[in-house]
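Below is one structure, written out as structure tokens; comments come after it.
It should be emphasised that the depicted structure is a prediction, and the values quoted were computed from it without experimental measurement.
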Amino acid sequence: MNRHRTALSVLLSAGALVAGVLTAATPSIAADTPTSFRPQQTQGFWTAERMRAATPLDVTAVPGAARAVVAGSAAPTAIAPTAASSAVSPTAFPQAGGAWTGGGAVVKTSGRVFFTMGGRTASCSGNSITSANGSTVMTAGHCVKYQGAWHTNWVFVPAYNNGSAPYGQWPATKTFATDQWAASEDMNMDVGLAVVAPLNGQTLSQAVGAQGVLFNGGYNKKMYSFGFPAAAPYDGTKLVYCSGNSGKDFLLTKDHSLGCNMTGGSSGGPWFQDFNEATGLGTQVSVNSFGYTFLPNRMYGPYLGNEAKAAYDKAQAS
């Protein structure tokens, strides 16, 4: 099999899914392609048992030719974090994958994402980011829409802890994806966002804080990635992190690359540069997206360029 037709492993956690095939042609974005969705919500749907039962599965897809994306040509755009946190002891760098024991703001801003797709329960990861509405979560594109369908019963559970939701469940009022992901599920643009409803009179950022975001920030940085992997050897109960010097994918995408052994369910978890282990604050520059089946223990995440910035602007203005 040609090296450029090798399977990708999308780090989605789901009860049962069938892999789709990405076409080799690069489709144009149709004028009527929706890039946002108001997900159906069933009150009380996500019980502790149902969250624990969102069984992990690595979804594979056979990509066509890589879609070109121009990265780094625009000026960087940075959004500062919303809140600080108490100091903690540093942890290891580099780290190929382990439970985050440092504490700090990242424990609250990171969480699990739960949704239904095709009548089945599934999970990803996500992160609260600073925004004009104070209610925006960043995740992977396939964690809001996959194989042409938008997910329903979408909730964000910050600081998820083995079935418990210490800061509550935050249902999405609207989910977003980059135009390119919404139109063709382009792996270069696997970025999704959700706007969540206030809870107990507070916005998400008021309740748990929010991390900063950087668009067009360049490549080859020291990175920390976080998520809630649920496939073996992980079980979805703990916040896991990886850290190291990142690179750039030289195969099918223009994504960031990082040594990391996180598994299914970690999709959508944040990647930070300028991460402070003492405070748990950083600048988000990507999300966990996929891994190559023939390159174990390496994670890839999309470059946050102008396309991701446009989706973020739509979400924070919603």
Evaluate the side-chain proximity of [Y] to [X]: yes if any heavy-atom separation is below 4.5 Å, no if none is.
| X | Y | result |
| --- | --- | --- |
| S110 | P270 | yes |
| V213 | Q316 | no |
| V137 | W154 | yes |
| M223 | W271 | yes |
| V287 | M138 | yes |
| S266 | M299 | yes |
| Y234 | N261 | yes |
| T283 | F272 | no |

Once the angle between the rings of [X] and [Y] is folded into 0 to 90°, is it parallel (under 30°), tilted (30 to 60°) or perpendicular (over 60°)?
| X | Y | result |
| --- | --- | --- |
| Y160 | F228 | perpendicular |
| Y224 | W100 | perpendicular |
| F215 | Y312 | tilted |

Which value, rounded to the nearest 0.5 Å, describes the distance between [X] atom [atom1] and [Y] atom [atom2]?
| X | Y | atom1 | atom2 | answer |
| --- | --- | --- | --- | --- |
| M262 | Y241 | CE | OH | 10.5 Å |
| R298 | L295 | CZ | CG | 8.0 Å |
| K238 | T101 | NZ | OG1 | 11.5 Å |
| L304 | S286 | CG | OG | 5.5 Å |

Check for a donor-acceptor pair, side chain of [X] on one end and backbone N or O of [Y] on the other, with a separation under 3.5 Å.
| X | Y | value |
| --- | --- | --- |
| W181 | S184 | no |
| N276 | T279 | yes |
| S243 | Q95 | yes |
| S289 | G301 | no |
| S257 | K248 | no |
| T178 | M189 | yes |
| Y303 | G218 | yes |
| T253 | N188 | no |
| Q273 | G282 | no |

Exercise for review: Answer with yes or no after comparing the ring centroid distance for F275 and F226 against a 6.0 Å cut-off, counting only values under it.
Suggested key: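 So the answer is yes for these two rings.
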
Tell me the closest heavy-atom pair linking [X] and [Y], and the distance in Å.
| X | Y | answer |
| --- | --- | --- |
| C124 | T139 | CB-OG1, 4.5 Å |
| P233 | T263 | CD-CG2, 4.2 Å |
| C260 | S225 | SG-OG, 3.9 Å |
| E185 | G148 | OE2-N, 2.9 Å |
| P158 | L204 | CG-CD1, 4.4 Å |
| L199 | G168 | CD2-CA, 3.9 Å |

Exercise for review: Could you tell me whether K145 and D190 have a side-chain N and a carboxylate O separated by less than 4.0 Å?
Suggested key: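 So K145 does not pair with D190 through a salt bridge.
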
Side chains of [X] and [Y]: do they bring a donor and an acceptor to under 3.5 Å?
| X | Y | value |
| --- | --- | --- |
| S135 | N133 | no |
| Y300 | N288 | no |
| N220 | N245 | no |
| R112 | S125 | no |
| Q211 | T109 | yes |
| Q284 | N127 | yes |
| T116 | T121 | no |

Check your understanding: Would Y167 and V157 satisfy side-chain contact (heavy atoms from CB on, under 4.5 Å), going step by step from the backbone distance to the final call?
Key -> CA-CA 7 Å; Y167 297 96; V157 183; over 6 Å; no

**Study point:** CA sep, side-chain torsions, deciding dist, call: Y219, D249, side-chain contact (heavy atoms from CB on, under 4.5 Å)
**Key:** CA-CA 10 Å; Y219 287 93; D249 184 15; over 6 Å; no

Practice item. Sequence neighbours left out, what passes side-chain hydrogen bond (donor to acceptor under 3.5 Å, both in side chains) with S246? Give chain and number order. Key: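 For S246 there are no side-chain hydrogen bond (donor to acceptor under 3.5 Å, both in side chains) partners, ignoring immediate neighbours.
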
Practice item. Show your working on ring-ring contact (aromatic ring centres under 6.0 Å, His included) between H151 and Y146 and close with a plain yes or no. Key: CA-CA 8 Å; H151 308 325; Y146 191 57; 7.3 Å; no

Review point. Considering residues, nucleotides and ligands other than K221, do more than 12 of their heavy atoms fall under 6.0 Å from its NZ?
Key: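 For K221, atom NZ is crowded (more than 12 foreign heavy atoms under 6.0 Å).
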
Exercise for review: Among V191, V144, V195, T136, find the one that has a side chain to side chain contact (heavy atoms under 4.5 Å, CB included) with F176.
Suggested key: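 Only match with F176 under side chain to side chain contact (heavy atoms under 4.5 Å, CB included): V195.
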
